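For clarity, every value in this text was computed on a predicted model and none was experimentally measured. Here is how names work: the chains are called A, B, and so on, in the same order as the sequence lines, proteins then strands, and each is numbered from 1.
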Number of protein chains: 2
Amino acid sequence: MGNGLMSIGEAASQSGVPPKTIRYYEEIGLITPAERLENRYRAYDDNDVQTLRFIQRARSLGFSLKEVAALLSLYRDRRRASRDVKRLALAHVAELDRKIAEMKAIRNTIADLAARCHGDQRPECQILEELETPEPLRDGICRS
Amino acid sequence: MGNGLMSIGEAASQSGVPPKTIRYYEEIGLITPAERLENRYRAYDDNDVQTLRFIQRARSLGFSLKEVAALLSLYRDRRRASRDVKRLALAHVAELDRKIAEMKAIRNTIADLAARCHGDQRPECQILEELETPEPLRDGICRS
DNA sequence: CTTGACCTTCCAGTAGGTGGAAACCCTACA
DNA sequence: TGTAGGGTTTCCACCTACTGGAAGGTCAAG
């Protein structure tokens, strides 16, 4: 293909998004359906690869596909206000902060229990006892 | 039901596990199939509720259903060594630590980008620019 | 001419449920 | 007696974000 078009495999290796995933993104309408060659193979240009790379990076930063779709439409809109992009990013940060706090609390609860378990041959185990009948909550412990 | 048996709805409200989820747990074999009354309704006793509560707590601490199944079999085994329980708990703590670190790195990357975006009417946006063409990695930034 | 690496489609499965439909059961109330 | 409501039963579909595999088409090299 000397005309700036490439196969799905080439687009995959240039963007970091696997072929299967590219087809999936097309199927769910995240990207516009690729052109087809005579043999029905999908054909991509550098612009498509750019978009795929954009998606790949947004995903690696933990944005959901829905958020990626929003980012993409902002990305393509030359007139967008940066305010809208920032709002989306800050909402994501807030969500991450929430999840991190939750996981930390859970982590500490389990680490706490594990510290009180001898961890030897004997059957007595504070961990199972707590799961069976929990003690009253202490600070930093989250049970939703 | 005066005989210590209760319906799925009652078991649900006593354990905190919704009826649908109880049926689901039965379907996947996490709990043993409930007894049935003449009318084919499921019937639970206090022991079943205890088990459901155990599951509910383990789930709220982020254990996967597979891990919960392992905890349950340890829970039911009076001869188990507390070492085995502790190992499972500590593995979970390690996994949580990994995820927390990953999320923190991602969170900081996005917060960083957002700080460099004006967030006003203008279209220029550092966030989209970074997604389009990333700068070299700096410390604390994770891109998998 | 065959081999192997691509590509195509479709179907199924992952985790952990949730929502809804259609039908049955039981009780209370008019 | 009829009915309205709340439970319960089953089954099927949907959610996220893919991934694996099967069956078949295409193409270039040896």
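Of the side-chain N and O atoms in B:Ser7, one or more sit less than 4.0 angstrom from OP1 or OP2 of D:dT8. Put simply, A:Arg36 has a side-chain N or O that comes within less than 4.0 Å of OP1 or OP2 on C:dT9. For D:dG7, neither phosphate oxygen OP1 nor OP2 lies less than 4.0 angstrom from any side-chain nitrogen or oxygen of B:Arg40. The phosphate of D:dT19 (OP1 or OP2) has a side-chain N or O of A:Thr21 nearer than 4.0 angstrom. Applying the 4.0 Å criterion to OP1 and OP2 of D:dT9, one finds that B:Arg42 has a side-chain N or O inside that range.
Remark: the B:Lys66 side chain and the C:dG16 base include no donor-acceptor N/O pair separated by less than 3.5 Å. Between the base of D:dG25 and the side chain of A:Tyr41 there is a donor-acceptor pair shorter than 3.5 Å.
Protein atom CD of A:Glu27 is 13 Å distant from nucleotide atom C1' of C:dT8, rounded to whole Å. Atoms CD (A:Glu10) and C1' (C:dA5) sit 14 Å apart, rounded to a whole Å. A:Gln56 places its CD atom 14 Å from the C1' atom of D:dC18, with the value rounded to the nearest Å. To the nearest angstrom, C1' of C:dG17 lies 14 Å from CD1 of B:Ile55. Taking atom CD1 on A:Ile28 and atom P on D:dC14, their separation rounds to 16 Å, with Å as the unit. Between the CD1 atom of B:Ile31 and the C1' atom of C:dG17 there is a distance of 14 Å, rounded to whole Å. With rounding to whole Å, A:Arg23 atom CZ is found 13 Å from D:dG20 atom P. With rounding to whole Å, B:Ile22 atom CD1 is found 15 Å from C:dT18 atom C1'.
The residue B:Arg59 sits close only to the backbone: its heavy atoms come under 4.0 Å of sugar-phosphate atoms, none of a base. Looking at heavy-atom distances under 4.0 Å, B:Tyr25 makes contact with sugar-phosphate atoms alone, never a base.
Between B:Asn39 and B:Leu65, the one whose closest nucleotide on DNA chain C sits nearer the 5' end is B:Leu65. With DNA chain D read from its 5' end, the first of the two nearest nucleotides for B:Ile8 and A:Ser64 is the one closest to B:Ile8.
Ion pairing between a basic and an acidic side chain is recognised when a charged N comes within 4.0 Å of a carboxylate O; A:Arg122 and A:Asp120 show such pairing. Between B:Arg42 and B:Glu26, at least one side-chain N (NZ, or NE/NH1/NH2) sits under 4.0 Å from a carboxylate O, which counts as a salt bridge. Electrostatic pairing of B:Arg98 and B:Glu102 counts as a salt bridge here, judged by a charged N lying under 4.0 Å from a carboxylate O.
In this structure, of C:dT9, D:dA17, C:dG17, it is D:dA17 that holds the atom nearest to the side chain of A:Tyr24. Among the nucleotides D:dT19, C:dG20, D:dC27, the one closest to any side-chain atom of B:Lys20 is C:dG20.
Of the options A:Val49, A:Thr51, A:Ile55, A:Thr21, a side-chain contact (heavy atoms from CB on, under 4.5 Å) to A:Ser15 is made by A:Val49 and by none of the others. Exactly one of B:Val93, B:Leu88, B:Leu90 qualifies for a side-chain contact (heavy atoms from CB on, under 4.5 Å) with A:Ile110. That residue is B:Val93.
Between the side chain of A:Arg107 and the main chain of A:Ala111, no donor-acceptor pair closer than 3.5 Å is present.
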